[in-house]
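This structure is a prediction, so every number in the text was calculated from the model and none was measured.
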Amino acid sequence: MTEPILVTGATGNTGAPVVSGLRSRGCVVRAATRRPDPGDGDAVRFDWFDPSTFAAALAGVRSIYLVAPAGVADPAPVVRPFLEQAAADGVRRVVALSSSAVARGEPLLGEIHTMVVDLFSEPTVLRPSWFMQNFTRDHALAEGIRRSREIVTATGDGRLGFIDAADIAAVAVEALVAERPVGVELVLTGPEALSYGQAAAIVSDVAGTPVRHVDVTTAELADRLTRAGLTGEFAASLAALDERVRAGEQNLVTTTVHDVTGRRPTSLREFLAVHRACLA
Ligand SMILES: NC(=O)c1ccc[n+]([C@@H]2O[C@H](COP(=O)([O-])OP(=O)(O)OC[C@H]3O[C@@H](n4cnc5c(N)ncnc54)[C@H](OP(=O)(O)O)[C@@H]3O)[C@@H](O)[C@H]2O)c1
(Lines give C-alpha, C1' and ligand atoms only; values in the text may rest on other atoms or scores of the structure.)
Protein backbone atom coordinates (compact mmCIF):
# COMPACT_ATOMS: atom_id res chain seq x y z
CA MET A 1 0.00 0.00 0.00
CA THR A 2 1.72 3.24 -1.06
CA GLU A 3 -0.90 5.84 -0.12
CA PRO A 4 -0.12 7.05 3.39
CA ILE A 5 -2.47 6.10 6.20
CA LEU A 6 -3.00 9.00 8.58
CA VAL A 7 -2.84 8.06 12.28
CA THR A 8 -4.08 10.78 14.65
CA GLY A 9 -3.18 10.53 18.34
CA ALA A 10 -0.05 8.79 17.09
CA THR A 11 1.76 9.00 20.44
CA GLY A 12 -1.19 7.72 22.47
CA ASN A 13 -2.25 4.45 24.08
CA THR A 14 -3.74 3.09 20.86
CA GLY A 15 -2.20 5.40 18.24
CA ALA A 16 1.41 4.41 18.98
CA PRO A 17 0.81 0.66 18.53
CA VAL A 18 -1.33 1.39 15.46
CA VAL A 19 1.64 3.23 13.91
CA SER A 20 4.07 0.39 14.66
CA GLY A 21 1.56 -2.30 13.66
CA LEU A 22 0.88 -0.67 10.29
CA ARG A 23 4.59 -0.16 9.61
CA SER A 24 5.31 -3.79 10.41
CA ARG A 25 2.74 -4.62 7.70
CA GLY A 26 4.66 -2.47 5.20
CA CYS A 27 2.26 0.51 5.18
CA VAL A 28 3.34 4.11 4.80
CA VAL A 29 2.11 5.84 7.95
CA ARG A 30 1.73 9.55 8.56
CA ALA A 31 2.00 9.87 12.34
CA ALA A 32 0.10 13.00 13.43
CA THR A 33 0.50 14.71 16.80
CA ARG A 34 1.20 18.15 18.20
CA ARG A 35 4.82 17.15 18.77
CA PRO A 36 5.91 15.02 15.79
CA ASP A 37 9.00 12.87 16.26
CA PRO A 38 11.84 14.75 14.48
CA GLY A 39 13.42 11.37 13.69
CA ASP A 40 10.31 10.20 11.81
CA GLY A 41 10.34 11.54 8.25
CA ASP A 42 6.66 10.62 7.81
CA ALA A 43 5.45 12.38 10.97
CA VAL A 44 3.43 15.57 10.68
CA ARG A 45 2.45 18.30 13.11
CA PHE A 46 -1.26 18.13 13.67
CA ASP A 47 -3.34 20.03 16.20
CA TRP A 48 -7.11 19.65 16.45
CA PHE A 49 -7.30 23.27 17.54
CA ASP A 50 -5.24 24.58 14.61
CA PRO A 51 -7.15 23.90 11.35
CA SER A 52 -4.17 25.17 9.34
CA THR A 53 -2.50 21.81 10.16
CA PHE A 54 -5.28 19.73 8.53
CA ALA A 55 -4.30 20.03 4.85
CA ALA A 56 -0.74 18.70 5.22
CA ALA A 57 -1.99 15.83 7.37
CA LEU A 58 -4.62 14.85 4.80
CA ALA A 59 -2.58 15.23 1.58
CA GLY A 60 -2.84 12.03 -0.49
CA VAL A 61 -4.50 10.08 2.33
CA ARG A 62 -7.30 7.54 1.71
CA SER A 63 -7.52 5.99 5.20
CA ILE A 64 -7.43 7.46 8.71
CA TYR A 65 -7.17 6.17 12.26
CA LEU A 66 -9.16 8.73 14.20
CA VAL A 67 -8.60 9.56 17.88
CA ALA A 68 -10.73 12.59 18.74
CA PRO A 69 -9.19 15.17 21.10
CA ALA A 70 -9.30 13.69 24.61
CA GLY A 71 -10.16 15.68 27.72
CA VAL A 72 -12.47 17.99 25.78
CA ALA A 73 -16.09 18.27 26.86
CA ASP A 74 -17.41 18.72 23.30
CA PRO A 75 -15.02 17.47 20.57
CA ALA A 76 -17.62 17.46 17.77
CA PRO A 77 -17.25 21.12 16.61
CA VAL A 78 -13.48 20.60 16.34
CA VAL A 79 -13.62 17.22 14.59
CA ARG A 80 -16.44 17.95 12.11
CA PRO A 81 -14.53 20.41 9.85
CA PHE A 82 -11.59 17.99 9.72
CA LEU A 83 -13.79 15.06 8.71
CA GLU A 84 -15.66 17.15 6.15
CA GLN A 85 -12.35 18.18 4.59
CA ALA A 86 -11.18 14.55 4.62
CA ALA A 87 -14.35 13.37 2.88
CA ALA A 88 -14.03 16.15 0.29
CA ASP A 89 -10.39 15.14 -0.30
CA GLY A 90 -11.43 11.56 -1.13
CA VAL A 91 -10.79 9.70 2.12
CA ARG A 92 -12.86 6.50 2.03
CA ARG A 93 -11.95 4.53 5.11
CA VAL A 94 -12.00 5.89 8.66
CA VAL A 95 -11.40 3.69 11.69
CA ALA A 96 -12.50 5.74 14.68
CA LEU A 97 -11.94 5.15 18.40
CA SER A 98 -15.05 5.50 20.55
CA SER A 99 -16.12 3.65 23.71
CA SER A 100 -18.27 0.66 24.65
CA ALA A 101 -20.09 2.99 27.03
CA VAL A 102 -21.08 5.50 24.33
CA ALA A 103 -23.60 4.53 21.66
CA ARG A 104 -23.92 6.11 18.23
CA GLY A 105 -25.50 9.56 18.48
CA GLU A 106 -24.89 10.02 22.20
CA PRO A 107 -23.01 13.15 23.35
CA LEU A 108 -19.24 13.41 22.85
CA LEU A 109 -17.80 10.34 21.11
CA GLY A 110 -21.25 9.18 19.97
CA GLU A 111 -21.62 12.31 17.84
CA ILE A 112 -18.29 11.61 16.17
CA HIS A 113 -19.43 8.03 15.61
CA THR A 114 -22.44 9.39 13.69
CA MET A 115 -20.27 11.75 11.61
CA VAL A 116 -17.89 8.97 10.61
CA VAL A 117 -20.71 6.66 9.54
CA ASP A 118 -22.49 9.44 7.63
CA LEU A 119 -19.45 10.91 5.85
CA PHE A 120 -17.38 7.92 4.73
CA SER A 121 -18.04 4.91 2.52
CA GLU A 122 -15.94 2.54 4.68
CA PRO A 123 -16.47 3.49 8.33
CA THR A 124 -15.42 1.33 11.28
CA VAL A 125 -16.11 2.58 14.79
CA LEU A 126 -14.23 0.76 17.55
CA ARG A 127 -16.10 0.71 20.86
CA PRO A 128 -13.66 -0.68 23.43
CA SER A 129 -14.23 -1.16 27.13
CA TRP A 130 -11.98 0.60 29.66
CA PHE A 131 -8.26 0.42 28.95
CA MET A 132 -5.90 -1.66 31.13
CA GLN A 133 -3.44 1.22 30.65
CA ASN A 134 -5.60 3.24 33.10
CA PHE A 135 -3.95 1.15 35.86
CA THR A 136 -0.39 1.88 34.77
CA ARG A 137 0.01 5.16 32.85
CA ASP A 138 -0.74 8.84 33.54
CA HIS A 139 -4.40 8.21 34.40
CA ALA A 140 -6.12 9.28 37.65
CA LEU A 141 -6.70 5.62 38.47
CA ALA A 142 -2.99 4.76 38.15
CA GLU A 143 -2.03 7.82 40.17
CA GLY A 144 -4.42 6.68 42.94
CA ILE A 145 -2.75 3.25 43.01
CA ARG A 146 0.73 4.74 43.21
CA ARG A 147 -0.12 7.55 45.64
CA SER A 148 -2.55 6.00 48.11
CA ARG A 149 -2.95 2.33 47.12
CA GLU A 150 -6.59 3.04 46.27
CA ILE A 151 -8.76 2.66 43.19
CA VAL A 152 -11.58 5.17 43.48
CA THR A 153 -14.62 4.68 41.23
CA ALA A 154 -18.39 5.10 41.31
CA THR A 155 -18.99 1.67 39.78
CA GLY A 156 -20.08 -0.37 42.85
CA ASP A 157 -19.84 -4.08 42.03
CA GLY A 158 -20.54 -3.46 38.32
CA ARG A 159 -18.27 -5.37 35.98
CA LEU A 160 -16.51 -4.35 32.79
CA GLY A 161 -14.30 -6.04 30.22
CA PHE A 162 -10.96 -4.23 30.67
CA ILE A 163 -8.93 -4.36 27.45
CA ASP A 164 -5.26 -3.85 26.59
CA ALA A 165 -4.90 -0.89 24.20
CA ALA A 166 -2.52 -3.07 22.17
CA ASP A 167 -5.46 -5.39 21.41
CA ILE A 168 -7.54 -2.41 20.29
CA ALA A 169 -4.66 -1.31 18.07
CA ALA A 170 -4.38 -4.80 16.56
CA VAL A 171 -8.05 -4.61 15.56
CA ALA A 172 -7.54 -1.09 14.19
CA VAL A 173 -4.62 -2.25 12.03
CA GLU A 174 -6.72 -5.07 10.54
CA ALA A 175 -9.61 -2.66 10.00
CA LEU A 176 -7.28 -0.26 8.15
CA VAL A 177 -5.52 -2.78 5.91
CA ALA A 178 -8.23 -5.38 5.23
CA GLU A 179 -9.35 -5.46 1.62
CA ARG A 180 -12.98 -5.35 2.69
CA PRO A 181 -14.16 -3.37 5.75
CA VAL A 182 -14.25 -5.60 8.84
CA GLY A 183 -17.46 -4.07 10.21
CA VAL A 184 -19.17 -0.75 10.90
CA GLU A 185 -19.26 -0.98 14.68
CA LEU A 186 -17.11 -3.27 16.82
CA VAL A 187 -17.51 -3.59 20.59
CA LEU A 188 -14.15 -4.70 22.01
CA THR A 189 -13.37 -6.22 25.40
CA GLY A 190 -10.65 -8.22 27.06
CA PRO A 191 -11.22 -11.89 27.91
CA GLU A 192 -13.23 -11.38 31.14
CA ALA A 193 -15.55 -8.94 32.86
CA LEU A 194 -14.33 -7.85 36.30
CA SER A 195 -15.52 -5.45 38.98
CA TYR A 196 -13.02 -2.88 40.25
CA GLY A 197 -12.99 -4.85 43.51
CA GLN A 198 -11.82 -7.93 41.61
CA ALA A 199 -9.36 -5.82 39.62
CA ALA A 200 -7.97 -4.37 42.87
CA ALA A 201 -7.38 -7.93 44.14
CA ILE A 202 -5.40 -8.73 40.96
CA VAL A 203 -3.43 -5.46 41.26
CA SER A 204 -2.65 -6.34 44.90
CA ASP A 205 -1.44 -9.82 43.94
CA VAL A 206 0.77 -8.57 41.12
CA ALA A 207 2.10 -5.53 43.01
CA GLY A 208 2.69 -7.60 46.15
CA THR A 209 1.00 -4.97 48.33
CA PRO A 210 -2.67 -4.34 49.19
CA VAL A 211 -4.59 -2.02 46.88
CA ARG A 212 -8.24 -1.45 47.77
CA HIS A 213 -11.26 -0.40 45.77
CA VAL A 214 -13.06 2.65 47.20
CA ASP A 215 -16.61 3.03 45.94
CA VAL A 216 -17.92 6.62 45.96
CA THR A 217 -21.04 8.30 44.62
CA THR A 218 -21.08 9.68 41.08
CA ALA A 219 -21.13 13.26 42.46
CA GLU A 220 -18.14 12.55 44.73
CA LEU A 221 -16.19 11.07 41.81
CA ALA A 222 -16.94 14.09 39.61
CA ASP A 223 -15.80 16.34 42.43
CA ARG A 224 -12.53 14.39 42.85
CA LEU A 225 -11.86 14.49 39.09
CA THR A 226 -12.47 18.24 39.03
CA ARG A 227 -10.07 18.71 41.94
CA ALA A 228 -7.54 16.63 39.99
CA GLY A 229 -7.66 19.19 37.18
CA LEU A 230 -10.40 18.13 34.74
CA THR A 231 -13.00 20.68 33.70
CA GLY A 232 -16.28 20.33 35.62
CA GLU A 233 -18.16 19.32 32.47
CA PHE A 234 -15.66 16.64 31.44
CA ALA A 235 -15.38 15.30 35.00
CA ALA A 236 -19.18 14.98 35.16
CA SER A 237 -19.36 13.10 31.87
CA LEU A 238 -16.61 10.66 32.93
CA ALA A 239 -18.27 10.07 36.30
CA ALA A 240 -21.60 9.44 34.54
CA LEU A 241 -19.96 6.58 32.63
CA ASP A 242 -19.18 4.90 35.97
CA GLU A 243 -22.88 4.98 36.74
CA ARG A 244 -23.47 2.85 33.64
CA VAL A 245 -20.98 0.30 34.92
CA ARG A 246 -22.70 0.29 38.30
CA ALA A 247 -26.02 -0.41 36.55
CA GLY A 248 -24.50 -3.51 34.93
CA GLU A 249 -24.62 -2.10 31.36
CA GLN A 250 -20.92 -2.83 30.75
CA ASN A 251 -20.94 -6.40 32.08
CA LEU A 252 -20.08 -7.94 28.74
CA VAL A 253 -17.35 -9.91 26.99
CA THR A 254 -17.07 -10.05 23.21
CA THR A 255 -14.93 -12.29 21.00
CA THR A 256 -14.26 -9.51 18.48
CA VAL A 257 -10.51 -9.10 19.15
CA HIS A 258 -9.97 -12.77 18.39
CA ASP A 259 -12.47 -12.83 15.52
CA VAL A 260 -10.79 -9.91 13.71
CA THR A 261 -7.11 -10.51 14.55
CA GLY A 262 -6.83 -14.21 15.40
CA ARG A 263 -5.06 -13.25 18.64
CA ARG A 264 -6.28 -14.02 22.13
CA PRO A 265 -6.86 -10.78 24.05
CA THR A 266 -4.57 -10.14 27.01
CA SER A 267 -6.01 -10.67 30.50
CA LEU A 268 -5.65 -8.00 33.19
CA ARG A 269 -3.33 -10.27 35.21
CA GLU A 270 -1.07 -10.85 32.19
CA PHE A 271 -1.03 -7.15 31.37
CA LEU A 272 -0.21 -6.07 34.93
CA ALA A 273 2.53 -8.69 35.23
CA VAL A 274 4.30 -7.13 32.24
CA HIS A 275 3.81 -3.58 33.57
CA ARG A 276 4.36 -4.38 37.26
CA ALA A 277 6.97 -1.63 37.68
CA CYS A 278 4.31 1.01 36.86
CA LEU A 279 2.24 0.02 39.92
CA ALA A 280 4.93 1.15 42.40
N1 LIG B 1 -9.02 5.21 28.79
C2 LIG B 1 -10.07 4.44 28.62
O3 LIG B 1 -10.38 3.58 29.45
C4 LIG B 1 -10.92 4.60 27.39
C5 LIG B 1 -11.92 3.64 27.13
C6 LIG B 1 -12.67 3.77 25.96
C7 LIG B 1 -12.45 4.85 25.11
N8 LIG B 1 -11.48 5.76 25.42
C9 LIG B 1 -11.25 6.90 24.51
O10 LIG B 1 -9.98 6.76 23.92
C11 LIG B 1 -9.55 8.05 23.46
C12 LIG B 1 -8.08 8.20 23.72
O13 LIG B 1 -7.88 8.31 25.10
P14 LIG B 1 -6.46 8.02 25.75
O15 LIG B 1 -6.57 8.41 27.18
O16 LIG B 1 -6.02 6.64 25.42
O17 LIG B 1 -5.52 9.09 25.05
P18 LIG B 1 -4.24 8.83 24.16
O19 LIG B 1 -4.67 8.32 22.82
O20 LIG B 1 -3.25 8.02 24.94
O21 LIG B 1 -3.64 10.30 24.05
C22 LIG B 1 -4.19 11.28 23.24
C23 LIG B 1 -3.46 11.40 21.89
O24 LIG B 1 -4.04 12.48 21.21
C25 LIG B 1 -3.01 13.43 20.91
N26 LIG B 1 -3.56 14.76 21.13
C27 LIG B 1 -4.01 15.29 22.29
N28 LIG B 1 -4.43 16.54 22.07
C29 LIG B 1 -4.25 16.79 20.76
C30 LIG B 1 -4.50 17.93 19.95
N31 LIG B 1 -5.00 19.08 20.44
N32 LIG B 1 -4.22 17.83 18.63
C33 LIG B 1 -3.69 16.70 18.12
N34 LIG B 1 -3.43 15.60 18.84
C35 LIG B 1 -3.70 15.65 20.15
C36 LIG B 1 -1.86 13.15 21.84
O37 LIG B 1 -0.63 13.45 21.19
P38 LIG B 1 0.26 14.75 21.49
O39 LIG B 1 0.10 15.07 22.94
O40 LIG B 1 1.63 14.27 21.12
O41 LIG B 1 -0.28 15.79 20.57
C42 LIG B 1 -1.97 11.65 22.01
O43 LIG B 1 -1.30 10.98 20.95
C44 LIG B 1 -10.46 9.07 24.16
O45 LIG B 1 -11.41 9.54 23.22
C46 LIG B 1 -11.17 8.25 25.21
O47 LIG B 1 -12.45 8.75 25.51
C48 LIG B 1 -10.70 5.66 26.53
Side-chain angles (χ1 to χ4, degrees), residues 8-9 11-15 33-34 47-49 66-80 96-115 125-163 165 168 189 194-197 199-200 203 211-251 268 278-279:
T8 61
T11 50
N13 283 319
T14 61
T33 86
R34 289 169 297 182
D47 188 339
W48 284 110
F49 297 94
L66 183 78
V67 179
V72 179
D74 188 10
V78 180
V79 176
R80 180 179 291 284
L97 180 63
S98 182
S99 160
S100 63
V102 184
R104 179 177 175 176
E106 288 188 334
L108 309 175
L109 291 172
E111 293 170 33
I112 290 162
H113 182 153
T114 303
M115 279 179 219
V125 178
L126 305 181
R127 295 186 54 205
S129 184
W130 275 252
F131 299 176
M132 293 178 184
Q133 277 73 6
N134 297 351
F135 291 89
T136 57
R137 294 210 173 153
D138 60 346
H139 190 274
L141 201 142
E143 278 155 23
I145 292 173
R146 291 191 284 256
R147 198 183 47 243
S148 49
R149 298 273 162 227
E150 284 179 350
I151 294 173
V152 181
T153 76
T155 52
D157 292 328
R159 295 183 184 213
L160 59 152
F162 298 105
I163 182 167
I168 303 168
T189 70
L194 300 167
S195 67
Y196 275 102
V203 173
V211 173
R212 67 187 189 112
H213 174 224
V214 179
D215 186 37
V216 298
T217 64
T218 308
E220 163 73 12
L221 181 65
D223 192 43
R224 283 175 179 243
L225 292 172
T226 309
R227 279 188 270 123
L230 302 192
T231 65
E233 202 181 348
F234 189 54
S237 61
L238 280 188
L241 295 183
D242 271 28
E243 219 164 74
R244 294 185 169 202
V245 177
R246 183 188 284 273
E249 273 180 37
Q250 293 297 306
N251 185 1
L268 183 62
C278 302
L279 300 171

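- For the atom pair T218 OG1 and E243 CD, the distance stands at 3.5 Å (nearest 0.5 Å).
- Considering only heavy atoms from C-beta on, S195 stays 4.5 Å or farther from T155 through its side chain.
- Residues passing the side-chain hydrogen bond (donor to acceptor under 3.5 Å, both in side chains) test with E143: none are found, sequence neighbours excluded.
- Under the 4.5 Å side-chain criterion, counting only non-hydrogen atoms from C-beta, F49 is in contact with V72.
- Interatomic distance, OG1 of T153 versus CG of D215, reported as 5.5 Å (0.5 Å rounding).
- Using a 4.5 Å heavy-atom cutoff, the side chains of I112 and L66 are in contact.
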Q: In sequence, state the C-alpha distance, the side-chain angles, and the governing distance for R104 and V125, and then conclude on side-chain contact (heavy atoms from CB on, under 4.5 Å).
A: CA-CA 9 Å; R104 179 177 175 176; V125 178; over 6 Å; no
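- For the pair Y196/F162, a side-chain contact is recorded, criterion being any heavy-atom separation below 4.5 Å from C-beta on.
- Taking both residues in full, the closest heavy atoms of T8 and V67 are given as OG1-N, 2.8 Å, listed atom of the first, atom of the second, then distance.
- With sequence neighbours excluded, no residue satisfies side-chain hydrogen bond (donor to acceptor under 3.5 Å, both in side chains) with R159.
- A salt bridge links R244 and E106; the closest N-O separation between the charged side-chain nitrogens and carboxylate oxygens is under 4.0 Å.
- No more than 12 heavy atoms of other residues, nucleotides or ligands sit less than 6.0 Å from atom CG of D157.
- Note that CG of L230 is 13.5 Å distant from CZ of R224, once rounded to the nearest 0.5 Å.
- In this structure, CG in N134 is found 3.5 Å from NE2 in H139, a value given to the nearest 0.5 Å.
- Take E249 and apply the side-chain hydrogen bond (donor to acceptor under 3.5 Å, both in side chains) test, not counting sequence neighbours, and it matches no residue.
- Considering only heavy atoms from C-beta on, W130 comes within 4.5 Å of V245 through its side chain.
- A 4.5 Å side-chain heavy-atom check between V152 and E220 finds every atom pair outside the cut-off.
- A donor-acceptor distance shorter than 3.5 angstrom exists from the side chain of T231 to the backbone of F234, with no hydrogens or angles considered.
- Atom CG of L238 and atom CG of L108 lie 9.0 Å apart (nearest 0.5 Å).
- In this structure, I163 and P128 approach most closely via the heavy-atom pair CG2-CB, 4.1 Å.
- Closest non-hydrogen pair, G232 versus T226, comes out as CA-OG1, 4.0 Å.
- When all heavy atoms of A235 and L225 are compared, the closest pair comes out as CB-CB, 3.7 Å.
- For the pair T114 (side chain) and G105 (backbone), a donor-acceptor distance under 3.5 Å is present.
- Here the OG1-CD1 distance, from T14 to I168, works out to 6.5 Å after rounding to the nearest 0.5 Å.
- Listed by chain and number, the residues in a side chain to side chain contact (heavy atoms under 4.5 Å, CB included) with S99 are A101, V102, L109 (sequence neighbours excluded).
- Partners of R227 under the salt bridge (charged side-chain N to carboxylate O under 4.0 Å, His left out) rule, at least two apart in sequence or in another chain, are D223.
- Among all heavy-atom pairs drawn from A200 and H213, the shortest one is CB-N, 3.9 Å.
- E150 is linked by a salt bridge (charged side-chain N to carboxylate O under 4.0 Å, His left out) to R212, counting only residues two or more places apart in sequence or in another chain.
- Sparse packing is recorded around CZ of R80, with 12 or fewer heavy atoms of other residues, nucleotides or ligands lying under 6.0 Å away.
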(Q) If you apply the rule side-chain contact (heavy atoms from CB on, under 4.5 Å), what do you find for T189 with S100, and how did you get there? (A) CA-CA 8 Å; T189 70; S100 63; 5.9 Å; no
